[in-house]
2 protein chains.
Amino acid sequence: MARTIGSDGEKTEAAIREAAVNLIARHGYEAVSMRRLAAEVGVQAAALYRYFPTKEELLFTLMREHMEELIAAWRAADPGPADSAARLAAFVRNHIVFHVARRHATHVSNMELRSLSPVRLTAVLRLRATYEKELRGILRTGAAAGAFTVDDPALTAMAIIQMITGVIVWFRPDERLSVREVADKYHTMTMRLVAAAGHAEEKNVHAHDAVRAG
Amino acid sequence: MARTIGSDGEKTEAAIREAAVNLIARHGYEAVSMRRLAAEVGVQAAALYRYFPTKEELLFTLMREHMEELIAAWRAADPGPADSAARLAAFVRNHIVFHVARRHATHVSNMELRSLSPVRLTAVLRLRATYEKELRGILRTGAAAGAFTVDDPALTAMAIIQMITGVIVWFRPDERLSVREVADKYHTMTMRLVAAAGHAEEKNVHAHDAVRAG
DNA sequence: GCAATAATAAAACGAACGTTCAATTAATTC
DNA sequence: GAATTAATTGAACGTTCGTTTTATTATTGC
């Protein structure tokens, strides 16, 4: 046999990407062989090489596009710097909605960095840094404007990103909570984390004040 | 050649464990071959099988012992349920100090779950659940006592654990911050997150504030 | 110092790996 | 409907994998 009836390059490539994301997210990049991936697609291993020159290039493509889409989603959702609290809220919500909708791709992007060669690793890390810089900027601007209390924007940005990315570890759709509810709860926690004005808790009537325990 | 001069089972096993944690943390379980591990130890691959019957059993041993040590460290650090805020503080600090000191082992425990067979996976997850249950208990008790404001203890526990475990992603010793300082900052953020009474922020008095722009 | 045992090397096993290549067939173009 | 192009197969390449077996040497106990 050779070319199969109904075969179509575009469809095959899409099927390869989807199967690759699912398999790699579940079993890990190293544990997924080209043969296994091909079998999932319903094709022979050699056919994969018509679409991706190497296994690593396939991984890299998945990760790069995931990061680019994340950044694009944020650019579309960004309400601009006028209101820091609204901007932070938009960031948290966009992040959670995006990641929950792409659980597997997120897992791949977060777990398989070590399987990339230095050049490709750098490229992905640059995209990641671009995204994280957005959050740092929000925190700095908001702190300067008095909307937040953030004593270390870089550290706080990492803490928030890890907290909100962690959703995908435990969240499963069609369970207890909807994506909307989860986003709400993480939004609330984030606002408390940066001590956002307007999100004051009832406790501060007596206020022992900033406990920073240096 | 066969047995080498100065060879000692205990030392070899310790060397295997250490090398395995380092290599697996850096390159991933699947990417580390028994030959490569053996080379790192300075031994032939066959020698590894005197200490661990299979590669997976080696991984499982590393993960199980890491979790058991984490739980034991918490039991030793636990100040008891009298003061919820103090207990949560102890939990956060113990977690961060423990994980920073064992960055590689933590990476292995967090990233290689998927390489375990079902039986061993269940065993590790049970230990993990035991640990997480501790934090949920602290949050519930504290919320019931009015020390915290937590509307969803299970979700909040996951958020906190992911936030404080994330330290190992970016933290490097002998850099900007000491472990102590990092633990302090995460402690402060955690207390805000649960809206701990006595941790009120000064913001609501005048609203402008310390921007430290790290 | 001799027997017993512990620790390792060396070689080999079949299986699986990523990748390449030539052959073959389906779809498209004119 | 012939020529061209697109899509895929099937077989094969050399390499590496986890693991086993057997032989050999160092150490230990008496």
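A note on names: the letters A, B, ... follow the listed sequences, proteins ahead of strands, and every chain is numbered from 1.
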Q) Which pairs pass salt bridge (charged side-chain N to carboxylate O under 4.0 Å, His left out) with one or both residues in residues 26-38 of chain A, sequence neighbours excluded? A) none
Q. Does anything in residues 159-168 of chain A pair up under salt bridge (charged side-chain N to carboxylate O under 4.0 Å, His left out), and if so which pairs, sequence neighbours excluded?
A. none
**Q.** Any residue meeting ring pair (Phe, Tyr, Trp, His ring centres under 6.0 Å) with A:Phe98, in chain and number order, not counting sequence neighbours
**A.** A:His66
Q.
Please tell me if B:Thr12 has a side-chain N or O lying less than 4.0 Å from either OP1 or OP2 of C:dT8.
A. yes
Between [X] ([atom1]) and [N] ([atom2]), how many Å, whole number?
| X | N | atom1 | atom2 | answer |
| --- | --- | --- | --- | --- |
| B:Leu58 | D:dT19 | CG | P | 10 Å |
| B:Arg50 | D:dT20 | CZ | P | 14 Å |
| B:Gln44 | C:dA12 | CD | P | 14 Å |
| A:Lys11 | C:dA26 | NZ | P | 17 Å |

Q | Set of residues satisfying side-chain contact (heavy atoms from CB on, under 4.5 Å) with respect to A:Ala46, sequence neighbours excluded | A | none
Q) Under the ring-ring contact (aromatic ring centres under 6.0 Å, His included) rule, what pairs show up with a residue in residues 111-141 of chain A, not counting sequence neighbours? A) A:Phe91-A:Tyr131, A:His95-A:Tyr131
Q | Salt bridge present between A:Glu10 and A:Arg17 (N-O < 4.0 angstrom) | A | no
Q. When you check every protein heavy atom under 4.0 Å of nucleotides 13-22 of chain C, what one-letter string (B, S, -) results, 5' to 3'?
A. ----BBBBB-
